[in-house]
Amino acid sequence: MIDLATLIAFTLTAGAIVLSPGPDTVLILRYALNSGRRVGFATVLGVQIGLVGHTLLAIFGISLIVASSPVLFKTVAVLGAAYLAWIGIQGFRGTTLKFDSTGPAISAQKAIRDATLCNLLNPKVIILFLALLPNFVDPARGSVTGQLIILSALLVVINVIWQAPLAWAADAVRGWLSRPRVQKVVNYSTGAFLLLFAGLMLWEHLILS
C-alpha cells in the first residue's frame with residue numbers, strides 16, 4: 001500500500017519534526033523532573049493519545065477531501081508543503097527552552113490528561129497533520145484510510161522512541177537541551193531538512209505534475 005521509499009521519506013521528515021522541541025517536550029521534561037519517571041511516562045502516553053485523536057480527525061478530513069476533489073487534495077498537499085517550509089524557516093530563528101520543574105507533585109492521571117489536552121488543543125499539531133500526511137498519501141495505491149493509519153502509527157512510534165528516553169533521563173536531557181549550542185544544531189539541522197523536503201514536494205506538485 002505504501003512503498004519503502006515513501007516510508008523512509010516520511011520517517012525522516014516526521015523525525016525532524018519530532019526532534020524539534022515543542023510544548024510536548026517541555027511538558028514531558030517538566031513533569032518527569034517534578035514527579036519522577038512514572039509520571040514522565042504517563043505524560044508520554046498522554047501525548048500519544050492526543051496524536052490518536054488527531055489521526056481520527058485527519059482520516060476523516062483527508063479522506064473526505066480525496067473523495068470530493070482530487071484537485072482540492074493536491075491543493076492541500078501544496079499548502080502543506082508550504083507550511084512545512086515555514087516550520088523549517090522557524091528553525092533558523094532559534095528558540096530558548098525553559099524547563100521549570102517547580103510546583104506540587106503531579107499524579108499520573110493528571111499527567112495523562114494534561115498531555116492529551118496539550119496535544120489535542122494545539123492548533124499547530126492539527127495543521128501539521130493536514131500538512132504532513134497528504135504529501136505521503138497516494139490515492140492510486142489503495143485505501144487512503146489505510147495509508148493514513150499506517151503513517152500515523154509510524155508517527156506515534158517515532159514519538160515514543162524520542163519521548164520515552166526524555167522521561168527516563170529527564171535531568172540529564174534537560175541540561176543538554178538547554179545548551180544554546182545544542183539548540184542551534186537541532187534547530188538548524190531539522191529546519192534545513194524540512195526546507196529541503198518542502199522544496200522537493202513543491203517541485204513535484206507544481207512543476208512536474
Side-chain angles (χ1 to χ4, degrees), residues 10-59 87 90-91 93-133 148-191 193-194:
F10 177 82
T11 300
L12 292 174
T13 306
I17 294 171
V18 170
L19 285 173
S20 302
D24 291 341
T25 301
V26 173
L27 193 64
I28 290 167
L29 292 177
R30 180 182 299 162
Y31 281 8
L33 288 166
N34 177 280
S35 304
R37 290 172 179 170
R38 177 173 174 271
V39 171
F41 289 139
T43 312
V44 173
L45 175 60
V47 172
Q48 311 322 310
I49 293 174
L51 289 179
V52 171
H54 285 297
T55 297
L56 296 176
L57 293 173
I59 287 174
I87 295 177
Q90 301 311 302
R93 301 180 64 179
T95 59
T96 301
L97 301 178
K98 297 180 180 180
F99 304 110
D100 180 16
S101 59
T102 60
I106 305 296
S107 68
Q109 291 78 10
K110 175 176 171 54
I112 292 174
R113 182 179 68 249
D114 289 354
T116 301
L117 291 176
C118 175
N119 192 272
L120 278 176
L121 299 179
N122 187 346
K124 289 186 177 180
V125 180
I126 299 174
I127 297 173
L128 179 60
F129 262 72
L130 293 177
L132 183 63
L133 296 182
L148 290 171
I149 291 174
I150 292 172
L151 294 175
S152 298
L154 182 55
L155 179 59
V156 169
V157 170
I158 294 170
N159 261 280
V160 172
I161 290 174
W162 169 242
Q163 293 174 349
L166 290 182
W168 177 263
D171 190 50
V173 174
R174 177 187 63 166
W176 180 69
L177 281 177
S178 296
R179 298 175 184 174
R181 180 174 296 181
V182 171
Q183 288 191 34
K184 186 174 182 179
V185 170
V186 172
N187 288 331
Y188 276 42
S189 58
T190 56
F193 182 83
L194 291 175

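Numbers here are sequence positions counted from 1. Bear in mind the structure is a predicted one, so any value in this text is a computation, not a measurement.
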How long is the gap from [atom1] on [X] to [atom2] on [Y], to the nearest 0.5 Å?
X: L155; Y: I17; atom1: CG; atom2: CD1; answer: 8.0 Å
X: L33; Y: L166; atom1: CG; atom2: CG; answer: 10.5 Å
X: L133; Y: I150; atom1: CG; atom2: CD1; answer: 12.0 Å
X: I28; Y: W168; atom1: CD1; atom2: CH2; answer: 15.5 Å
X: T11; Y: I158; atom1: OG1; atom2: CD1; answer: 4.5 Å
X: N119; Y: D114; atom1: CG; atom2: CG; answer: 12.5 Å

Partners of [X] by side chain to side chain donor-acceptor pair (under 3.5 Å), sequence neighbours excluded?
X: S35; result: none
X: N159; result: Q163
X: T55; result: S152

Using the test side-chain contact (heavy atoms from CB on, under 4.5 Å), find all partners of [X] that sit at least two apart in sequence or belong to another chain.
X: V156; value: Q48, L51, V160
X: A111; value: Y31, V39, A42, T43, I106
X: R38; value: A108
X: S107; value: Q109, K110

Looking at every non-hydrogen atom in both residues, tell me the closest pair between [X] and [Y] and how far apart they are.
X: L132; Y: A14; answer: CD2-CB, 4.4 Å
X: V47; Y: A115; answer: N-CB, 3.7 Å
X: L148; Y: A58; answer: CD1-O, 4.0 Å
X: G40; Y: A32; answer: CA-CB, 3.8 Å

Using the ring-ring contact (aromatic ring centres under 6.0 Å, His included) criterion, which residues pair with F10? Sequence neighbours excluded.
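For F10 the ring-ring contact (aromatic ring centres under 6.0 Å, His included) partners, ignoring immediate neighbours, are F136.
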Does any pair with a residue in residues 37-59 pass ring pair (Phe, Tyr, Trp, His ring centres under 6.0 Å), and if so which ones, sequence neighbours excluded?
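Applying ring pair (Phe, Tyr, Trp, His ring centres under 6.0 Å) to every pair that reaches into residues 37-59, excluding sequence neighbours, yields H54-F129.
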